[in-house]
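Structure record follows, encoded as structure tokens.
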Amino acid sequence: MDLSPIIEKLNTGLFINGQWRDAEGGRTLEVRNPATGQVITTIADGSEADALDAIHAARDAQADWAATAPRERAEILRRAFELLTERADDIAAIMTAEMGKPLAEAKGEVGYGAEFFRWFSEEAVRISGDFTQSTDGKNRLMISREPVGPCILITPWNFPLAMGTRKIGPAIAAGCTMVLKPAQLTPLTSFMLVDALRDAGLPDGVLNVVTSSSARRVVTPWMESGIARKISFTGSTEVGVNLMKQAADTVMKTSMELGGNAPFLVMDDADIDAAVEGALLAKMRNNGEACTAANRIYVQKPVAEEFSQKLAQRIGAMKVGNGLDEGTQLGPLVDQDQLDKVAELVDQAVEAGATVLTGGKRIEGDGYFYAPTVLSDIPENATLRVEEIFGPVAPIVTFETDDEGIELANGTEYGLAAYLFCRDIQRSMRLSERIESGMIGLNTGLVSNPAAPFGGVKQSGLGREGGSTGIDEYLETKYVALPRLT
């Protein structure tokens with residue numbers, strides 16, 4: 001596929017106060033295709049001064065934007081949804097080129113990501129309050145919900161469109177201005193998202209975007225400015241903890257979607273074919289580079305051999321290649337560092353005694369490819385039993401009793417997503433209630449949905465994105481007391 005016509009039309013600068021512009025000093029950084037290692041294009045490399053310009057633009061636009069009619073904000077989101085849908089092919093092609101996922105999955109992400117704009121266009125006009133009286137009858141109580149104010153949004157590289165729309169959508173709906181720091185590895189999709197919003201009529205200064213080779217260089221000035229009233233971050237727990245510490249200095253509202261280590265439980269009464277399909281989706285979607293990916297597959301012993309063999313057969317047959325090539329089912333990992341990490345985790349597990357059922361090696365040639373892998377007989381000292389893999393590697397561990405399965409599933413500091421395959425509905429509900437996770441896929445390998453609250457417990461984060469609760473993260477509650485005159 002020739003991407004040059006799309007790339008030639010891309011804006012690749014900083015987007016501040018409604019204008020595309022160069023970074024201070026004209027600094028740039030390269031964006032590479034992980035399937036080939038080749039440079040796609042160069043983009044602006046923002047500085048601390050650029051970051052301050054962006055947060056000042058958001059501050060200056062906040063009052064007018066907050067006063068904008070809810071219907072007007074809703075219509076902007078609706079038009080942006082339609083534009084993303086119209087431009088889906090081009091956006092998906094760029095997303096695949098910079099991130100590596102198969103083109104079909106990239107198109108799926110555009111549809112999924114656009115849906116957040118449609119969802120929150122409907123939520124914008126439903127922000128409610130209350131009007132009642134005090135218990136002693138002396139006061140009327142008027143309760144309203146108002147935008148929290150300028151927001152810092154930080155998105156990861158693995159879902160560059162959906163992570164943007166999931167944060168930007170509710171911020172626009174609530175009446176908040178924003179500064180956005182996209183991931184250095186996948187900024188081009190964010191630029192196309194900005195163009196859709198600008199073409200949909202988003203006023204200048206409401207959304208400001210700064211790309212940079214140093215996240216700290218951009219985010220620290222934002223955090224220390226005293227302007228931002230909220231931060232929404234998706235990324236590692238380590239970085240999230242540091243951001244929460246910084247947010248404490250200005251008592252900033254926080255939403256954190258952090259690390260995952262999702263268990264995938266297959267009980268002895270499960271539909272094994274359905275469980276294999278669910279595991280294939282939960283593990284291999286997005287090249288295995290998803291915070292909700294099935295990271296630890298636990299199978300009850302009576303069905304372990306059947307499940308393992310069927311899963312290995314399906315995963316071993318996956319077509320690996322450039323995501324832009326027809327028929328590709330699994331693309332490259334995002335960069336050399338990620339490839340090295342996955343290879344190291346597998347090698348360490350095999351050296352400790354794990355059995356390779358399929359894969360287990362790098363794929364030679366250009367790009368950052370790792371063979372789709374299934375491991376069994378995972379020893380307890382294998383690092384991949386406790387560490388997020390973020391790659392196409394499915395480790396299988398067996399267990400005997402329900403209690404043992406739950407203990408294994410909950411044996412982590414994380415609690416973002418979990419999966420359970422079980423036919424008995426009463427047993428399913430009992431197990432679901434015991435699993436420590438913010439989201440559970442019961443007999444399904446896909447939990448994300450714009451209409452549902454997305455988020456985790458324990459060290460997987462704070463707050464929820466999406467669903468009817470998603471807009472709450474961008475609103476503050478105000479109470480006015482009015483004397484009741486007689």
Side-chain angles (χ1 to χ4, degrees), residues 7 9-24 26-29 31 40-62 65 76-77 80 83-84 87 91 94-95 98-99 113 116-117 150-157 159-172 176-223 225 227-228 230-235 474:
I7 294 171
K9 295 187 295 183
L10 278 177
N11 289 298
T12 57
L14 310 178
F15 187 71
I16 299 175
N17 201 24
Q19 302 296 318
W20 291 101
R21 71 181 218 191
D22 293 337
E24 181 186 37
R27 292 187 304 186
T28 61
L29 60 93
V31 180
I40 301 172
T41 189
T42 58
I43 66 169
D45 186 4
S47 69
E48 180 177 347
D50 294 322
L52 289 173
D53 285 347
I55 195 74
H56 291 155
R59 175 199 61 196
D60 294 344
Q62 178 60 54
W65 180 240
I76 290 171
L77 285 170
L83 288 170
L84 290 176
R87 300 171 184 179
I91 296 172
I94 288 297
M95 188 190 306
E98 67 175 345
M99 186 266 158
F116 281 104
F117 279 177
C151 300
I152 298 170
L153 311 180
I154 306 173
T155 55
W157 51 262
F159 291 95
L161 184 86
M163 297 302 96
T165 57
R166 200 162 72 185
K167 298 179 189 300
I168 294 170
I172 288 176
C176 298
T177 60
M178 298 149 278
V179 287
L180 169 67
K181 166 63 177 67
Q184 177 185 344
L185 294 172
T186 56
L188 305 182
T189 303
S190 296
F191 295 154
M192 300 181 84
L193 172 58
V194 170
D195 280 335
L197 284 164
R198 185 177 63 166
D199 293 344
L202 191 69
D204 294 350
V206 174
L207 174 62
N208 305 275
V209 182
V210 179
T211 50
S212 179
S213 57
S214 169
R216 184 184 300 273
R217 190 167 66 219
V218 170
V219 176
T220 298
W222 289 346
M223 298 293 289
S225 68
I227 295 171
K230 173 184 171 58
I231 178 170
S232 177
F233 169 75
T234 299
Y474 295 84

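Side-chain atoms are counted along with the backbone in the values below, which use heavy atoms only and exclude waters and symmetry mates. When a residue number appears, it is its place in the shown sequence, counting from 1.
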Do Leu193 and Pro160 touch side chain to side chain, with heavy atoms closer than 4.5 Å?
no
Main-chain N/O of Asn17 paired with Asn208 side-chain donor or acceptor, under 3.5 Å:
yes
Can you tell me which residue among Val31, Thr155, Thr41, Val209 is in a side-chain contact (heavy atoms from CB on, under 4.5 Å) with Pro187?
Val31
Would you say Val179 and Val210 make side-chain contact, with heavy atoms under 4.5 Å?
no
Using side-chain heavy atoms (C-beta onward) and a distance below 4.5 Å, is Val206 in contact with Met178?
yes
Can you tell me how far apart NZ (Lys167) and CZ (Phe116) are? Round to the nearest 0.5 Å.
10.0 Å
Pairing residues for Asp22 by the side-chain hydrogen bond (donor to acceptor under 3.5 Å, both in side chains) criterion, not counting sequence neighbours
none
Residue list, side-chain hydrogen bond (donor to acceptor under 3.5 Å, both in side chains) with Arg21, at least two apart or on another chain:
Asp50, Asp53
Residues in side-chain hydrogen bond (donor to acceptor under 3.5 Å, both in side chains) with Thr165, at least two apart?
none
Are Thr186 and Glu98 close enough that a side-chain donor and a side-chain acceptor fall under 3.5 Å?
no
Any side-chain heavy-atom pair of Leu29 and Ile43 under 4.5 Å:
yes
Are Thr189 and Trp157 close enough that some pair of their side-chain heavy atoms sits under 4.5 Å apart?
no
Is the closest side-chain heavy-atom distance between Phe191 and Thr211 below 4.5 Å?
yes
Taken to the nearest 0.5 Å, the spacing of Phe15 CZ from Arg198 CZ works out to 5.5 Å
When rounded to the nearest 0.5 angstrom, what is the spacing between OG in Ser47 and CG in Leu52?
8.0 Å
Within the 4.5 Å heavy-atom criterion, are Asp195 and Trp20 side-chain neighbours or not?
yes
Is a side-chain N or O of Asp199 found less than 3.5 angstrom from the main chain of Ala196, in a donor-acceptor match?
no
Going by distance alone, is a donor N or O of one side chain under 3.5 Å from an acceptor N or O of the other, for Arg217 and Ser213?
yes
Quick one: does any side-chain atom of Trp222 pair with a main-chain N or O of Ala51 as donor and acceptor, under 3.5 Å?
yes
